[in-house]
Amino acid sequence: MRIVYLNPCGKLGGAETSLREVLASIGAAEPDWELWLVLGEDGPLAEIARNLGVHVIVRPFPPALARLGEGGARSTWWPLLRAAGSAGSYSRRLASLLRQIKPDIIHSNGFKMHLLAAWTCPRHTPLVWHIHDYVSSRRLMSGLLRCFGKACTVAVVNSKSVSKDLLAILPYLHVVPVYNAVDLQRFSPAGKRLDLDALAGLPPAPSETVRVGLVATFARWKGHKVFLEAMATVSSEIPIRGYIIGGPIYQTDGSQWSKRELQQEADRLGLGNRLGFTGFLDDLAPALRSLDIVVHASTSPEPFGMVIIEAMACGKAVIASQAGGAAELFDDGENAVAHPAGDAATLAKRISWLASDAKLRRRLGEAGRATAERLYHGKRLATELLAVYNQASQHTHRGLAGVSAQPQVTMPAGTRSRTK
């Protein structure tokens, strides 16, 4: 097999972290296969992929195409029209590149690459869309995916929640849910730790301090302000310090906070030295190990939530927003603790509870690690994706690409419904 993966971003967001594990697991399962990665910008993902033995080609997006996105209420068709010329030029170059590589399968990641792949995919080549986000909430992209959905052979989605959402938009699409995986050796309880205080420019915290961190890109729906409000609500008698780990990584207009905006909010809430910003970190495993509590605070339903399984794999107590696909990843009170999405008051109570109970933190961390070892390992991911690739190839060779099919749901063994 020769597979070409297409991804718009070179930095490590959730979708890119997922792709990293896809490349690693497929490469380990099928070492003789030829894997290619085409990126719309340079960044850490390029070097990571090269180290995995992947052929990497960086074809930077034109500025208008790079900025194309949906920044809330400002989303209109005008940015698409403005980017149309550069998108057409880019797609012609991408089509030429794909003809040279001659892939057996194209696996696209990210909405822009889904569309570019639909336009440029060579005839009779299976196209796999890997959907990491809810489509229905994106007026622009949902309309475009409707227009070009027939080009997709099969769509892989990262949760049952995303599967349901996608099928509401494209009911004829063949959709297969496949949970993401985590590198259990890199993300483990043992290993290097970081001086988060130094990274954040804070004075050293007292030894009994409980460290609580939100690890996320600066996307506006990731719950940074909810986390800040919760930290400001926690009693000053509880020895905690908060950290916001991450930064703005996308070029899309209007979709993310700036550090200045979040710093101003922290100052308004009077957090002072109780909270710091570490900035973007290429390797999150040492940062997660340096925390006592990892908070996931997305205000909108999370399609998956990579940081949840990464923190669980590191043996950390996790507080997660219980909405969307994220709610499928854990059992409340068993291997993580839930809070309602966007509820700062309840989040503050959960933080206070865990910060005051070291035994509970340890129990949750051990259960989380066991869950990661059972469900979120690379061998399971490779097995399920190889089945998707085989099925996509058979469909295309039989002339069935784009034909309506009933969705086939394959989930990790042992996963049970977690609607609570």
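Note that these values count all heavy atoms, side chains included, but never hydrogens, waters or copies made by symmetry. Quick caveat, the model's predicted, so the values are computed rather than measured.
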For [X] and [Y], work out which heavy atoms get closest and say how close.
X: Leu196; Y: Ile245; result: CD2-CD1, 4.3 Å
X: Thr153; Y: Pro126; result: OG1-CA, 3.5 Å
X: Trp129; Y: Gly149; result: CH2-CA, 3.7 Å
X: Leu364; Y: Ala336; result: CD2-N, 3.8 Å

Task: side chain to side chain donor-acceptor pair (under 3.5 Å) assessment of His296 paired with Ser321 - done: CA-CA 6 Å; His296 166 273; Ser321 178; 4.7 Å; no

Can you sort out the partners of [X] under side-chain hydrogen bond (donor to acceptor under 3.5 Å, both in side chains), two or more places apart, ordered by chain and number?
X: Arg50; result: none
X: His130; result: His107
X: Asp343; result: Thr346
X: Tyr134; result: Ser161

Open item on the list: Ring centres under 6.0 Å, that's the criterion: do His132 and Phe304 meet it?
Closed with: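 No - the distance between ring centres of His132 and Phe304 does not fall below the 6.0 Å cut-off.
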
Open item on the list: With a 6.0 Å cut-off (strictly less than), is the heavy-atom count around CD of Gln185, excluding the residue itself, greater than 12?
Closed with: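 Incorrect, the count does not exceed 12.
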
List the residues meeting salt bridge (charged side-chain N to carboxylate O under 4.0 Å, His left out) with [X], not counting sequence neighbours, and say none if there are none.
X: Arg268; result: Glu265
X: Lys316; result: none
X: Arg2; result: Glu34
X: Arg274; result: none

Open item on the list: Among residues at least two apart in sequence or on other chains, which ones pass ring-ring contact (aromatic ring centres under 6.0 Å, His included) with Trp36?
Closed with: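 Here the qualifying residues are His55.
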
Task: Test item: side-chain donor near acceptor, Tyr243 and Arg211, under 3.5 Å - done: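 Yes, a side-chain donor-acceptor pair sits under 3.5 Å.
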
Would you call [X] and [Y] a salt bridge, taking side-chain N to carboxylate O under 4.0 Å as the test?
X: Lys225; Y: Glu229; result: no
X: Arg220; Y: Glu261; result: yes
X: Asp283; Y: Arg186; result: yes
X: Glu16; Y: Arg20; result: no
X: Arg241; Y: Asp197; result: yes

Could you give the side-chain donor-acceptor pairs of residues 25-33 under 3.5 Å, partners two or more places apart or in another chain?
unit_1	atom_1	unit_2	atom_2	d
Ser25	OG	Glu21	O	2.9
Ser25	OG	Val22	O	3.1

Open item on the list: Keeping Arg193 on the side-chain end and Pro286 on the backbone end, is there a donor-acceptor pair under 3.5 Å?
Closed with: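 Checking the backbone N and O of Pro286 against the side chain of Arg193, no donor-acceptor pair under 3.5 Å is found.
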
Task: Residues in side-chain contact (heavy atoms from CB on, under 4.5 Å) contact with Lys164, at least two apart in sequence or another chain - done: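 Scan of Lys164 (side-chain contact (heavy atoms from CB on, under 4.5 Å), adjacent residues dropped) gives none.
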
Open item on the list: Suppose the criterion is salt bridge (charged side-chain N to carboxylate O under 4.0 Å, His left out): which pairs have a residue in residues 290-302, not counting sequence neighbours?
Closed with: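 Every salt bridge (charged side-chain N to carboxylate O under 4.0 Å, His left out) pair that includes a residue of residues 290-302, provided the two are not neighbours, is Lys222-Glu302.
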
TODO: Examine Lys150 relative to Tyr172 and say whether NZ or CZ is less than 6.0 Å from the centre of the six-membered ring and inside a 45° cone about the ring axis.
DONE: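 Relative to the ring axis of Tyr172, which defines the angle, Lys150 lies inside both limits.
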
- [ ] Go through Tyr179 and Glu384 one step at a time and tell me if the side chain to side chain donor-acceptor pair (under 3.5 Å) criterion holds.
- [x] CA-CA 9 Å; Tyr179 281 149; Glu384 295 187 3; over 6 Å; no

